[in-house]
Number of protein chains: 2
Amino acid sequence: MLRVLSVAAAARRPLRLPRPCAPPGPLLLGLLCRQVRAAAGSTGAEHGSVLKTPKGTRDHHPAQMALRERLFRTVVSCFKRHGAAAIDTPVLELREMLMEKYGDNSRLIYELQDQGGELLALRYDLTVPFARYLAMNKITNIKRYHIAKVYRRDNPAMTRGRYREFYQCDFDIAGQFDPMIPDAECLKIVHEILSDLQLGDFLIKVNDRRILDGMFAVCGVPDSKFRTICSSVDKLDKMPWEEVRSEMVGEKGLSPEAADRIGEYVQLHGGLDLIEQLLQDPKLSQNKLAKEGLGDMKLLFEYLTLFGITGKVSFDLSLARGLDYYTGVIYEAVLLQQENDHGEESVSVGSVAGGGRYDGLVGMFDPKGRKVPCVGVSIGIERIFSILEQRLEASEEKIRTTETQVLVASAQKKLLEERLKLISELWDAGIKAEVLYKKNPKLLNQLQYCEDTGIPLVAIVGEQELKDGVVKLRVVATREEVNIRRESLVEEIRRRTSQL
Amino acid sequence: MLRVLSVAAAARRPLRLPRPCAPPGPLLLGLLCRQVRAAAGSTGAEHGSVLKTPKGTRDHHPAQMALRERLFRTVVSCFKRHGAAAIDTPVLELREMLMEKYGDNSRLIYELQDQGGELLALRYDLTVPFARYLAMNKITNIKRYHIAKVYRRDNPAMTRGRYREFYQCDFDIAGQFDPMIPDAECLKIVHEILSDLQLGDFLIKVNDRRILDGMFAVCGVPDSKFRTICSSVDKLDKMPWEEVRSEMVGEKGLSPEAADRIGEYVQLHGGLDLIEQLLQDPKLSQNKLAKEGLGDMKLLFEYLTLFGITGKVSFDLSLARGLDYYTGVIYEAVLLQQENDHGEESVSVGSVAGGGRYDGLVGMFDPKGRKVPCVGVSIGIERIFSILEQRLEASEEKIRTTETQVLVASAQKKLLEERLKLISELWDAGIKAEVLYKKNPKLLNQLQYCEDTGIPLVAIVGEQELKDGVVKLRVVATREEVNIRRESLVEEIRRRTSQL
């Protein structure tokens, strides 16, 4: 049985409580104190206002950027492994493009002031702009990824990675193909990314909108109530069945008998066996939609078997997903965690990926309503980032924010010109090098800078070395020093830092 | 003598006229026709509205993204070579943070609708958010780069790379250091990037706000007119001196004598010699500001000599730069082009990088007005992108939009399962692989897909190969086919694509 737990718990031991201050600072490189001060509003500017970023947004410090780049690199390399191309669309869209696509959530869209031109809004996700892009450019066939910021005037919960400005990380396949092959690839991608990121155990829940609709029909839910009952089912990952049932019956006016029939179905989850069982189900097997959905689900599981990933995939009749535009298979990945050291119960720490098939969305933009079938997945990058950030913090690992290979230093005074000449040679040879911006820095300060920023090597110029045509190369970690002929220095630095 | 030419000219032969349709499409992979159709507004959606992106914005197609990634890679690797860390700030800022920072240009700021919370705006550049970031986090020392989109309600000129949503690419050094060392590094960075990008010949013009102000003083410009006369001087790269002079005298009420004195100075440009000459100038040498500026300029040129880049740097008294916040050295890089085949006159194709020192901006945000000296450079990435895009288009080079190493194919029917099993093995081994989403694709279509998308290898499974425990590996370019034992396939694909 799965239970929901906060993302903080997913950061593993040592577990930490959500931090009291709003911005989940890096805690890395001692930046937290500054952030707390800033968040506490102590830094009012001259004109009396508070120095801050807008509600639900945050700056990224270098350590956070380094972690984020690491995360993006893993995700992008998976997308590229599957042959996806990158596209980009503007952060701004015409307001009308976003209308009637998000149901109730439209109220969360940021709108721009009418400054005497087009009426604009900030994009709410990457899926609707993708559909607009396909229709506008009459593209009927593409496999693309898109990593970019989206905007929602939602209630921020920043310790759990919920912001008003946040990244989405989407992979989608558009085109008319044989059934379930691209759908299976999307699940393979989720499996690869969550494995590559070493986030711990996870489960990918799968269902199909047609199976849900068929189930509602055979349980006696009137057509007009399909969507609202579906959104009740969607709450099963956060509420027990009893509460969901009373919402269905009490608030939404469903008959208790229908609710109870639904209750029997939504507790089912399994694999191919369950699909076979439902294909024999006297009621469901009579419903056209459900039968179609179950047939495709069977095919999907056959492909997932070939991919060797059925061990982490569960066909789960309680999975509904909120968005209106899904038309076929839907899925959601959750991280699992042993609740105690005896490892008896797995708890879910919330969704880290989700997606599904949406065959009708592009048609909403096309002037002639021409459809382009699409299936895709969105990686919950902010939640994963929160988990990795908290884990990094707990581990006390220090993440490097620069890639500098060598600091050009001097032990004596009046050698700035020699340092600049040498560093220029190194830069021109492609070596990542820094120099302190001081005329006569102390050697100790130069070495300390390397310690602080993780620079592994120091190239030291001195009177004697200049006479001898050498540079003293010092390994920061071991304090080993060796004279290298100036013409061999680039080679030597490359050799010593090639495995970094 | 430099003259201004459109960016289109910078794309070199064959020169092309600006395209008639607004969005400068990729022209790559045959996407233009679609774009033209879209831009012509022929794709009105069902509800009668036109499918488009907001004025001055555009989508990026895969070929454009591939080119952009190439460009960013060059720029970022230079920034990292100089030890910079990455940061990010929100696209949204509190409106008041942006006020009184851009002078007249404030009217170009996009403001968000008041939706019952904070008053927000879209950032106009990356420099003001950087200063806000430093003040808010009490950071007094950082070397950072930031590549991100900024927003200006300007008049778009898209064929010249001027958009309302566009990338800025900034490198800045903040901190109290010995004079001109970080300033010289910024110029070295501009030199490296423009050389690495092979954009052709270029020139970096350098001046100093203090020299300009000193010059205005000794020419008899009243203090109150410094800024407005400075903005007239700023137009010298687009207008002849006579016009600028008449603006100064006619519109701005400067005395003709003062204007003529300015006219003598602003035609001067050169190197160390000119600096020495001006240090002896009977009027300028008496002005404290000018003397400081000239002293630092001399120091700067000494450092640039050590970096070996004075050949492309010109001390130019006509360089003014518009922004108010500069306090010291300023610079701007322009591409040069031989105007005709006889190569007698170099023409400027406009600015591709610019920056300078701004020691007062952070203090505007700090509650106690504490200053953090800063110097930085912004690479004109959109203009460079336009040039590269047009050049690529003219060259008819086809840019790959994916990195797929191998297509898993079959020659016979009923082998989908075998294809999926093989591709799964390849993905798990880190090979970039694709498969057509068809149950029984024709071999010819599979080979054609490789031709179209540049996939170099095809792994073909067939009945006989399966029996023999081999896979037929085909090299698309040469049509060479060789049987590879299945257990050696990953190795073989890696070997054959390692140099790609």
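What you see is a predicted model, and the numbers here were worked out from it, not measured in a lab. Only heavy atoms go into these numbers, but all of them, side chains included; no hydrogens, no water, no symmetry mates. All chains are named by letter (A, B, ...) in the order of the sequence lines, taking the proteins before the strands, and each is independently numbered beginning at 1.
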Q. Pick from A/T89, A/D88, A/I87: which one makes a side chain to side chain contact (heavy atoms under 4.5 Å, CB included) with B/H60?
A.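 The option that passes is A/D88.
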So, does [X] use its side chain to make a donor-acceptor pair with the main chain of [Y] at under 3.5 Å?
X	Y	value
B/E118	A/K55	yes
A/E417	B/L306	no
B/E69	A/A86	no
B/Q115	A/I109	yes
B/E165	A/V91	yes

Among [options], which residue has the highest count of heavy-atom pairs closer than 4.5 Å to chain A?
options	answer
B/L119, B/I455, B/I173	B/I173
B/P90, B/S77, B/G430, B/G117	B/P90
B/I431, B/T453, B/D196, B/V435	B/I431

Q | Criterion side chain to side chain contact (heavy atoms under 4.5 Å, CB included) on B/L92 and A/L122, from CA distance to verdict | A | CA-CA 10 Å; B/L92 302 168; A/L122 302 187; 3.9 Å; yes
What distance separates [X] [atom1] from [Y] [atom2], expressed to the nearest 0.5 Å?
X	Y	atom1	atom2	value
B/H61	A/Y133	NE2	OH	4.5 Å
B/Y151	A/L120	OH	CG	11.0 Å
B/L304	A/L420	CG	CG	10.0 Å
A/D178	B/L436	CG	CG	10.5 Å

(Q) Show, in sequence, the C-alpha distance, side-chain angles and deciding distance for A/L94 and B/K52, and conclude whether the side chain to side chain contact (heavy atoms under 4.5 Å, CB included) test is met. (A) CA-CA 8 Å; A/L94 296 186; B/K52 65 186 286 295; 3.6 Å; yes
Q: I would like to know whether B/E403 and A/R81 meet salt bridge (charged side-chain N to carboxylate O under 4.0 Å, His left out); could you show each step before the answer?
A: CA-CA 8 Å; B/E403 298 176 6; A/R81 193 156 61 234; over 6 Å; no
Does any backbone or side-chain atom of [X] lie under 4.5 Å from a heavy atom of chain A? Answer side chain, backbone, both or neither.
X	value
B/Y145	side chain
B/L416	side chain
B/I142	side chain
B/R107	neither
B/L426	neither

Q. A/I309 versus chain B, heavy atoms under 4.5 Å apart: side chain, backbone, both or neither?
A.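 When you check distances to chain B, no heavy atom of A/I309 falls under 4.5 Å.
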Q) Which pair of non-hydrogen atoms, one from A/F365 and one from B/L51, has the smallest distance, and what is that distance? A)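 Looking at all heavy atoms of both residues, the shortest contact is O-CD1, 3.4 Å.
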Q) Minimum heavy-atom separation for B/G83 to A/T404, with atom names? A)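 Of all heavy-atom pairs spanning B/G83 and A/T404, the closest is CA-OG1, 3.3 Å.
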Taking [options] one by one, which has the highest count of heavy-atom pairs under 4.5 Å against chain B?
options	result
A/K80, A/K421, A/E425	A/K80
A/H82, A/K438, A/E434	A/H82
A/R153, A/K188, A/K439	A/R153
A/K432, A/Q113, A/R132	A/Q113

Q) Going by the angle between their ring planes, with limits at 30° and 60°, are A/F177 and B/Y437 parallel, tilted or perpendicular? A)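 A/F177 and B/Y437: perpendicular rings.
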Q: Could you give me the CA-CA distance, side-chain angles and deciding distance for A/W427 and B/E185, then say whether side chain to side chain contact (heavy atoms under 4.5 Å, CB included) is met?
A: CA-CA 11 Å; A/W427 284 331; B/E185 185 168 4; 3.3 Å; yes
Q.
Using side-chain heavy atoms (C-beta onward) and a distance below 4.5 Å, is A/M136 in contact with B/D59?
A.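 Yes - at least one pair of side-chain heavy atoms lies under 4.5 Å apart.
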